[in-house]
Structures are given as C-alpha cells and as structure tokens.
Amino acid sequence: IETVDLFVPGRLCLFGEHSDWAGGFRRFNRDIVPGKTLVLGTPQGLAARVKICDELVVTATNNAGEKIGPWRCAMDREELRMAAE
C-alpha cells in the first residue's frame, strides 16, 4: 500500500462537554463527580493521506488555502515525546 486516506469525524457535544473522557481524572481526584455526555459525530472532520515512513511529516492548509509546513520529526519514541512536550 503506497498511501492510505484517513478521515476522523468531528464531534458535537450537546451537553457534558468532555465529561466522557475527562472522567478518567477521577482516579486522581475523587472529589470530581461522575458526569454524563451526549456526543454526536458530524460530517466535518480531519482528513489525511498517510504512508509509512521513518519520519513524521505534518503539512496543513489554512482556511485561506495557504500551505503550512512541513514540520518533521523522526519516528523515534524519545524524539516524538520531546516534540510533544
């Protein structure tokens, strides 16, 4: 496979913004009460064309159609961790 097209749909929180995943913080702070949320997927989202390689290359296009990047980082656990921090 040369490339793979990916799409991650957007989400719309009707109530309980982020309480679906943020509830995991209860394991650190028991004072946080359990929450509920109603989340819907949307046809808007993030699209990407990807291929396996030795480095992470990120290029984006802004709303004006201008290309941003590329930003590059080796596909190395430590380098990726440092870039994320």
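In this text, all values refer to a predicted model and were calculated from it rather than measured experimentally. For this chain, numbers begin at 1 and follow the sequence in order.
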Heavy-atom closest pair (Glu79 atom, Cys73 atom, distance to 0.1 Å) is O-SG, 3.8 Å
So which heavy atom on Arg72 is nearest to which on Glu55, and how close?
NH1-OE2, 2.6 Å
Could you work out, with side-chain contact (heavy atoms from CB on, under 4.5 Å) as the rule, every residue matching Arg77, not counting sequence neighbours?
none
Would you find more than 12 non-hydrogen atoms of other residues, nucleotides or ligands less than 6.0 Å from Asp54 atom CG?
no
Run through the side-chain heavy atoms of Ile, Leu, Val, Met, Phe, Trp and Tyr, join any pair under 4.5 Å, and report what else lands in Phe7's cluster.
none
Considering only distance and modelled atom types, tabulate donor-acceptor pairs under 3.5 Å from the side chains of residues 56-64, sequence neighbours left out.
from: Asn62; atom 1: OD1; to: Ala64; atom 2: N; distance (Å): 3.0
from: Asn62; atom 1: OD1; to: Gly65; atom 2: N; distance (Å): 3.1
from: Asn62; atom 1: OD1; to: Glu66; atom 2: N; distance (Å): 2.9
from: Asn62; atom 1: ND2; to: Glu66; atom 2: OE1; distance (Å): 2.8

